[in-house]
Amino acid sequence: MKHLEGLNDAQRRAVLACAGPVSVLAGAGAGKTRVLTARVYQLILEGTSPESILAVTFTNKAAREMRERIRVMLGAGAEEPRGRSAASGLPFVATFHGLGRELLESYGSVMGIPRYFSVYDRDDSEKLIATALKKLDVSTKELSPRAVMGRISRAKGAGLSAREFYEKQARSSFGSRIVAEAWQAYEKALAEEKALDFDDLIVRPVRLLEEHPDILAAAQQRWQYIHIDEYQDTNALQGRLANLLSAAHRNLFVVGDIDQTIYTWRGATIENLLEFEKQYPDAQTIVLEQNYRSTKNLVEAANAIIERNTRRKEKHSTTENGEGEPIVIHAAQNAEGEARWIARKIKGLLRVGTEPEEIAILYRTNVQSRVLEEGFLREGVPYKLLGTRYFDRKEVKDMLAWIRLALDSSRETDKVRAASSPPRGIGKVTLAKLAAGQRDQLKNAESKKVELFEGIVRELARAAETLIPSEFVKLAIDKSGMRRALFEEGSEEDRERFENVEELASVAVRYDGLPGKEGIANFLAEAALSSDQDEIDRTEKRGVTLMTVHAAKGLEFEAVFVSGMEEGLFPHEGMGEGERDEEEERRLFYVAVTRAKERLYLSLARMRKIYGSDLLSEPSSFLADVDRSLVVYDEDDGESVIDY
């Protein structure tokens, strides 16, 4: 069978393990995506209905890739699955948040959740929190909306409601009381907007399934075979969701790598994978240790790094790839010298034919990017920075507000945003009067402007019933006045912003196969649930990629530079809550090293400016984990390497 060709013994065992709980421990570069898709195909070959298969990943990008692989395998026609008719569909492949959205759209009416609810992104959520803090007379300098939102997010991930958090935490400290009160105000504001936030897309489905046995039974019958990728990144609530859905048939297939658990700071719990066999004593455990990505030198270095951790399951990666180049270590006098050295090394790689898109510069914190960018600009190195997400751009969010209004014109936040984008003489005072039911207090001129605005919204609402998503988005761009304001009458900068707005129609094309409002709702969900990694494919600009190590997880490049290999920076001293987790920092370094296929460069600065002061730096303790036989020291700038 073609889908089994080229698989090693462990991969083949995983693909053919088609019943009961299965845990697959997959090292970096071990081909886990191929195993997952082949296993789904194997189930269908054996007669399983595609619609009864669920596969959950962590990014839209990964979900799209898996969906496409499965579609190609099923369309190849080489082997006709037993019992599969031409009308059969595809497995449901989504992120956890996409799965939660599907459950709420299908069954959420019993909880009072409307069919077309909005999903607030983190930026929108923080604005609501800021408003709540202001009403509590708390300065955002005392307590930042981001910190409050982070506390709420972690509490939701642990399964707490706003009321439960208030009862358990409000008396413990002044800060906890403020968080509890802000959370309650935040929940009220979300309800008024018929909106949910990211965390609600997991919290509400879990509550839905636990409180409604009939809906739980329907969901279990719908998805009898459940696959979860990156299981080490699941939080307690996501683990509960997986266990609820798989409880009836117990066909739970999880894939993960404890050594790549790098998100505990945002609620991920290593225990879900670490203790899988305790929860499912009859589970099969299969270890994928062959690395198909990296050279021998890089695999040996990665093993040496991660095997110093104690909270892990035994796994030692091997590879049949060649020895490869040694790892290059360089110590610069300062951060500017480090950026200059990296830029020159990259120029050398480009001269010998390495594509810029096959080169990545990784760093522990975002503040490191500025000096690197300046160095690249001076040296003429093309680059792209993984920073502001496409869907976070103001003009894009303005247009999305118009599109959401077409599905539900009662949302006040969207109404305020759309009414002023582009400006049409409708101020917040006018909109406040409307919200308060005081339309009769509007002046004649104000009333005419409001009627014109509401007429456009009604026209778009009618069009949403029949137009395919991409055509609807084009109509909304025209009717809203965005085309006129940004393209026809705007500046050169406005025209560039209009290109971002136009790109929405290209995104919406993906959902043209779905009818009317359903397709538009799915398009809006992608906008709300996009991740940093989705931006890599969206960026047309050619150049090397700058990003944090966290953002690089799941990606691979021919050459990888890891900058800032200094004690206190990597490993990092901590993010403000407790001491640093040494093992998680080492896992993060392991992730950085295993992104490289051919070449790895580790650099540090003897002196780095921190908060305006020049501070001497010590080499990262992680450098000592790399066997010296795998390393060469680059001193081409005449700067001696610090001994460690």
Side-chain angles (χ1 to χ4, degrees), residues 14-15 17-24 33 35-58 60 62-64 66-67 69-71 73-74 81-85 87-111 113 201-231 234 237-256 272 276 279-280 283-284 514 518 522 525 529:
V15 170
C18 289
V22 181
S23 168
V24 177
T33 303
V35 167
L36 268 170
T37 52
R39 203 260 190 175
V40 168
Y41 186 55
Q42 179 68 29
L43 285 170
I44 297 171
L45 280 181
E46 293 183 3
T48 302
S49 167
E51 292 91 339
S52 68
I53 299 172
L54 168 67
V56 183
T57 71
F58 266 81
N60 288 325
R64 282 195 300 270
M66 187 181 297
R67 198 179 297 119
R69 286 196 193 193
I70 293 170
R71 188 192 65 76
M73 293 174 84
L74 291 174
R82 294 199 301 269
R84 180 173 180 258
S85 70
S88 294
L90 290 169
F92 187 78
V93 184
T95 62
F96 260 108
H97 294 97
L99 168 61
R101 175 179 157 272
E102 173 68 19
L103 286 167
L104 292 177
E105 286 188 348
S106 298
Y107 312 110
S109 59
V110 300
M111 301 176 75
I113 296 173
L201 294 180
I202 309 299
V203 173
R204 301 292 183 91
V206 168
R207 191 181 307 159
L208 174 73
L209 298 178
E210 289 180 339
E211 295 177 356
H212 299 274
D214 56 329
I215 293 175
L216 174 60
Q220 289 171 339
Q221 185 60 30
R222 177 178 177 182
W223 296 307
Q224 298 176 27
Y225 292 86
I226 297 170
H227 306 72
I228 300 180
D229 194 10
E230 306 288 5
Y231 198 59
T234 53
L237 210 56
Q238 289 165 336
R240 269 167 67 186
L241 180 57
N243 293 330
L244 282 166
L245 290 174
S246 61
H249 299 93
R250 301 186 82 254
N251 294 317
L252 178 59
F253 185 94
V254 302
V255 182
N272 282 349
F276 188 81
Q279 190 160 14
Y280 297 95
Q284 297 183 62
L514 297 173
E518 183 180 348
N522 276 271
L529 303 179

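This is a predicted model, so every value here is computed, not measured. Along the sequence shown, residues carry numbers from 1.
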Undergrad: With rounding to the nearest 0.5 Å, note down the distance linking CD in Q42 to OH in Y225.
TA: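 One finds 11.5 Å between CD of Q42 and OH of Y225.
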
Undergrad: Between N251 and G20, is there a donor-acceptor pair closer than 3.5 Å when you use the side chain of the first and the backbone of the second?
TA: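 Side chain of N251 to backbone of G20: a pair is present.
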
Undergrad: Taking salt bridge (Lys or Arg N to Asp or Glu O under 4.0 Å) as the definition, give me every residue that meets it alongside R69, ordered by chain and number, with sequence neighbours left out.
TA: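 Not a single residue meets the salt bridge (Lys or Arg N to Asp or Glu O under 4.0 Å) criterion with R69.
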
Undergrad: Supply the atom-to-atom distance R240 CZ to R207 CZ, rounded to the nearest 0.5 angstrom.
TA: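 Taking CZ in R240 and CZ in R207, the distance rounds to 9.5 Å.
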
Undergrad: For Y280, give me all partners under side-chain hydrogen bond (donor to acceptor under 3.5 Å, both in side chains), at least two apart in sequence or on another chain.
TA: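 With sequence neighbours excluded, Y280 shows a side-chain hydrogen bond (donor to acceptor under 3.5 Å, both in side chains) to N243, given in chain and number order.
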
Undergrad: The criterion is salt bridge (Lys or Arg N to Asp or Glu O under 4.0 Å); which residues satisfy it with E211, sequence neighbours excluded?
TA: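 For E211 there are no salt bridge (Lys or Arg N to Asp or Glu O under 4.0 Å) partners, ignoring immediate neighbours.
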
Undergrad: Considering residues at least two apart in sequence or located in another chain, which fulfil the side-chain hydrogen bond (donor to acceptor under 3.5 Å, both in side chains) criterion with R250?
TA: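 side-chain hydrogen bond (donor to acceptor under 3.5 Å, both in side chains) check on R250 returns D282.
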
Undergrad: With under 30° as parallel and over 60° as perpendicular, where do the rings of F276 and Y231 fit, or are they tilted in between?
TA: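 If you compare the ring of F276 with that of Y231, the planes turn out perpendicular.
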
Undergrad: Got a sec, which residues hit ring-ring contact (aromatic ring centres under 6.0 Å, His included) with F96, two or more places apart in sequence or on another chain?
TA: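 F96: ring-ring contact (aromatic ring centres under 6.0 Å, His included) contacts with F58.
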
Undergrad: I need the L245 CG to L209 CG distance, nearest 0.5 Å.
TA: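 Rounded to the nearest 0.5 Å, the CG-CG separation comes out at 5.5 Å.
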
Undergrad: Look up atom CG in L237 and atom CD1 in I202, then write down how far apart they are to the nearest 0.5 Å.
TA: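 Output value for this atom pair is 7.0 Å.
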
Undergrad: Going by the rule salt bridge (Lys or Arg N to Asp or Glu O under 4.0 Å), which residues pair with R101 if we only count those two or more places apart in sequence or in a different chain?
TA: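 R101 satisfies salt bridge (Lys or Arg N to Asp or Glu O under 4.0 Å) with E105 once adjacent residues are dropped.
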
